[in-house]
Amino acid sequence: MSNITKIINYHAIEGIATITMMSEPINALSLTMRQALTKYLHRAIDDDQVEAVMIASKLRVFSGGADIEEFRTGSLWEKPNLPDVCLMIENCKKTVIALIEGPAMGGALELALACDYRVATSDALMGLPEIKLGLLPGAGGTQRLPRIIGLESATQMILSGDPISGHFALSCGLVDAIYENDQALMMAQQFTKNIMLGENPKRSCADLIVTHPDPKGFLEDFSAKIEPKTRNLVAPQRCLKSIEAACNLPLNEGLIKEMAGFAELLKTPQSRAGRHLFFAERECIKVPGVRNDHQPRDINKVAVIGAGTMGRGIAITFLEAGYAVTLLETTQDLLEQGLNQILKHFQRAASKGRFNSKKAEILSSNVTGTLSYRDIADADLIIEAAFEDMGVKQQIFVKLDRYAKQGAILASNTSTLDLNEIAEFTSRPEDVIGFHFFSPANVMRLLEVVQGAKTAPDIIATSIKVAKKIKKLPVTVGVCFGFVGNRMLEPYFREGSRLLLEGATPKQVDNVLEKFGMVMGIHAMADLAGVDVGARVRQGRRNEIAHDPTYQVVQDRLFELGRLGQKTGHGSYLYDGRTRIEDPEIVKISTELADFHGVSRRHIDNTEIIERCLFPLINEGFLILEEGIALRPSDCDLIWVNGYGFPSWRGGPMHYADEIGLNKVLERMNHYRNSLGAYGEMWFKPSPLLEKLATTGKTLAAHFDVQKEKL
Amino acid sequence: MKEAVIISTARTPIGIAFKGSLNNIKSPSMMGHAIRHAVERAGVDPGMIEDVVIGSVLTAGTAGMNVARLSALAAGLPNSVSGQTIDRQCSSGLIAIATAAKQIILDGQKVAVAGGQENISAVQNAYLKWASDEQDSNVIAQSKHAYMPMLNTAEYVAQAYGISREAQDEYAALSQKRTAYAQAAGAFDVEIAPITSIKRVINRETGEETLEKVNLSKDEGNRPDTSIKTLGQLNPVIEGGNITAGNASQLSDGASACVLMERKTAEQNGHTPLGIYRGMVVVGNAPEEMGVGPIYAIPKLLKNAGLNIKDIGLWELNEAFACQVLYCRDHLEIDPEIYNVNGGAISIGHPYGMTGARQVGHALIEGKRRGVRYVVTSMCVGGGMGAAALFEVV
């Protein structure tokens, strides 16, 4: 007949009106919900039989806060907006109590803060995560939280954006009581009745002030403390300013200042970047050709082939998510080593407090080892993480074709080999897919899901579902050398290295990149990954790079000299443990090679460094999008932010390109194409898509028909 | 003389009053939804629309203050579009269309929107109580039955014209069957514009109230598994009577709108008309037998047009009550096979002001499908009237 979603329930009995939110999935405080809350608050306020109002939820969350979709529809501020609802609760004559079962985040917590009392269950989580989107809590959070729990706890909560648990909330006064889940409603009603019998049933924030011996001093210290890590961000300092207003101004004036701060942050590039990435994560799981009715396959048993660094990391990832994992190796020694390392990992995790020791034991007991393919015949998902060599892959996949059950998913962790070729080693290429994890596999969120030419849609659906369970971010990409992430890395690394020939030092290049916001400069990153990794990849690609004799020659020399990076204590830098030390030898090596290849050296300014590293990276992204290897620009952004340390507050390389203007990117590409002679002609040709969009003034996002925000 | 053509039509699905999906909606939003879709379907520039004429009976509360104008605004039409609300009881939606047509034919308007709505859930109880409290004894002195409730007029007609309970139930079952078939065949898909609404669900025992978001895409009031047997088990509303909830029209909420254009303007702008307005008739009759009003209106309509019963290819005569819709059909000797062919108000409901407009839209669509030339829309009218209008299908 019609599709129904329950939104809210109102029940007045024995003097208490209970307003229960029940809008799946998370009681988002959309316009509809705010209208409904307002309607029932009015009802309760106007009913003489009602003495107190309780706001609760029937779902497993109290509320997830604002409906982020409203950034796109523009309904975020449509009246009644959230501040309106909060004021209605605060100003009404009747006592209002929030019963918080489960998470109450952002706007949801702000709603609760406007209530007179809050009670919660022990599994409740309360937080104000707005700072993670480059915003501040704009519906009273910065004004009411300090009044309720004190300046220091409130500042900590708002600036971290992290939630606190029910018990901690009790200890800092955020909630007035904690109940067990199965008794919560009844106990909350009892609590309400007790309050009504007491002397002061109303407890409005407007009557409270922030009490602290030295608010100014505390906030100044806090500001100085966070400055190094937040130097590039606007939101943290703005939050502190808003909190300061709570200390100095009456509530109504402070709310106005807060609103102004929110409106200001909404317009910042950092907040745009944060929201862009938020939406990007929702978009990336939509893959054309994969529809809702493509049923994911059931995955219970997982097998990992290869107990090296990647294989172990992948196994740990699945074990931590509760899967049973069988590790397969070629020799007993390698197998035992792998299993021991896995066990050690869980022991370390338990001692660090990540799991309690009982849980660590259970999770780690789910791993078994074998040398025989017969023992993984019943696996639902098999991930090959063996040596990066086509011959080895062939052997493995031929065996898998023979032993793996029908319907098993055969995944390869290859990062540089042709997945389609690998698939053709089997008689079931539709069951073959790439799972490109990033090192360390149990830590890095990114998972490139590589779609082969014949990969079945329901396998992709299954992969996305599994990725969620193992807490990875699945970005679906097509097959080409390097897929998306490494393919975009290649020009970035190439220029970073070429600049050494032309006169820059690794430290100079890395400084510029890190100032831009990269977590680690390219030379430090290459030292971490291992100089041998790149060298081996280049060995397999001699033809593609033959036209440029200077291609990565410094790296090749380091490889010849056995300076493999951090693992040998010596790469582009010298290493004392983890400490990086500049090495004058590098300049010597670069100068020698430059002379040999006839590359003239000069002083290179920082602008040239950042442009030559970033713009070819971005241009490669355009080529990737044109070829359909990535589905949308925001996928490229997610990959670079989550796999390569691109600053999240810049939203990713493609978003950044739109922000600075594609005509600028095009102009600079052409500039270097001309000014760098033959080298420029080789490597700085703008992609046709970049040219087209830059000259028509259209953004990349608009071209890919991304829904714009209407704010 | 100019001609007025209808170039598009759109309606909400019909909700069950009080307990159904539209029981919590504001009238301008509901009517605005139909207007907005009719205008979009017409592909006409909203700035060209000169008037919005809406029929409605319960014009108070959310449907007060000239609901036509408020609905035009809610539909996003510019301030330049005026609005007019018309009350001729159950024929209001039809009369609104006829009025807009006449504005095009005689007053030089090029484009107008017309239709009807009723929000029984929101307005009926308060409205009828107020009206009932204020009955004027001078009216009663002149016409004893002027305020007779509709149910009583139906009992009167059933008795006066000897229409048995069985005959009424048989017609009602037929209406249900026809509606069920039509829904399955998608016969209403072209006219319906699905709507998302917030529905209020009340637990009468505990007093709890829940709001639900509903996506309504088809009429929700009909019961496909109705049979003469199940209808026979219903008790009459008035003890000893023949009218039951099953053989009378349902109380419902809904809105329907169409876009009318001056014929030449339509042709010049590349619009394909659904049909041409060819005139309307209203006649008064005794209030206590308001149900037979059409037997006077229809012959007059046909005479004006120089046509007879056999020339009409399709009939929509509102199923206010089975007794009266049966009597009108047989008295006028209308072929049952071309009469309310896809069911009617008994099965899908009767939002008073909406019905006439809905019937016009449906008759043109169904008439085109059958390749007929003339369709007639008619209904009995509370207070003792009959209304009928003629359209030529193109």
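Chain A is the first sequence line, chain B the second, and so forth, proteins listed ahead of strands; every chain is numbered from 1.
- Counting non-hydrogen atoms of other residues, nucleotides and ligands closer than 6.0 Å to CD of A/Gln49 gives a total of 12 or fewer.
- The environment of NZ in B/Lys19 is sparse: at most 12 heavy-atom neighbours from other residues, nucleotides or ligands sit within 6.0 Å.
- Under a cut-off of 6.0 angstrom, the local environment of CE in A/Met196 is crowded, with over 12 non-hydrogen atoms contributed by other residues, nucleotides or ligands.
- Between atom CG of residue B/Leu211 and atom OH of residue A/Tyr40 there is a gap of 3.5 Å, rounded to the nearest 0.5 Å.
- Side-chain atoms of A/His11 come within 3.5 Å of backbone N or O of B/Thr206 as a donor-acceptor pair.
- For A/Lys58, the NZ atom is loosely surrounded, since the number of other residues' heavy atoms within 6.0 Å does not exceed 12.
- Using a 4.5 Å heavy-atom threshold, the side chains of B/Ile198 and A/Thr32 count as touching.
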Go through the steps for B/Val201 and A/Lys6 under the test side-chain contact (heavy atoms from CB on, under 4.5 Å), then give the verdict.
CA-CA 10 Å; B/Val201 179; A/Lys6 291 192 201 284; over 6 Å; no
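- The number of heavy atoms from other shown groups lying within 6.0 Å of NZ (B/Lys177) does not exceed 12.
- A donor-acceptor pair shorter than 3.5 Å can be found between the side chains of B/Glu208 and A/Asn9.
- Annotation: the span from A/Ser30 atom OG to B/Lys213 atom NZ amounts to 6.5 Å, rounded to 0.5 Å.
- With rounding to the nearest 0.5 angstrom, the CD atom of B/Glu212 is 8.0 Å from the OG1 atom of A/Thr5.
- Between B/Arg200 and A/Lys39, some side-chain heavy-atom pair lies under the 4.5 Å cut-off.
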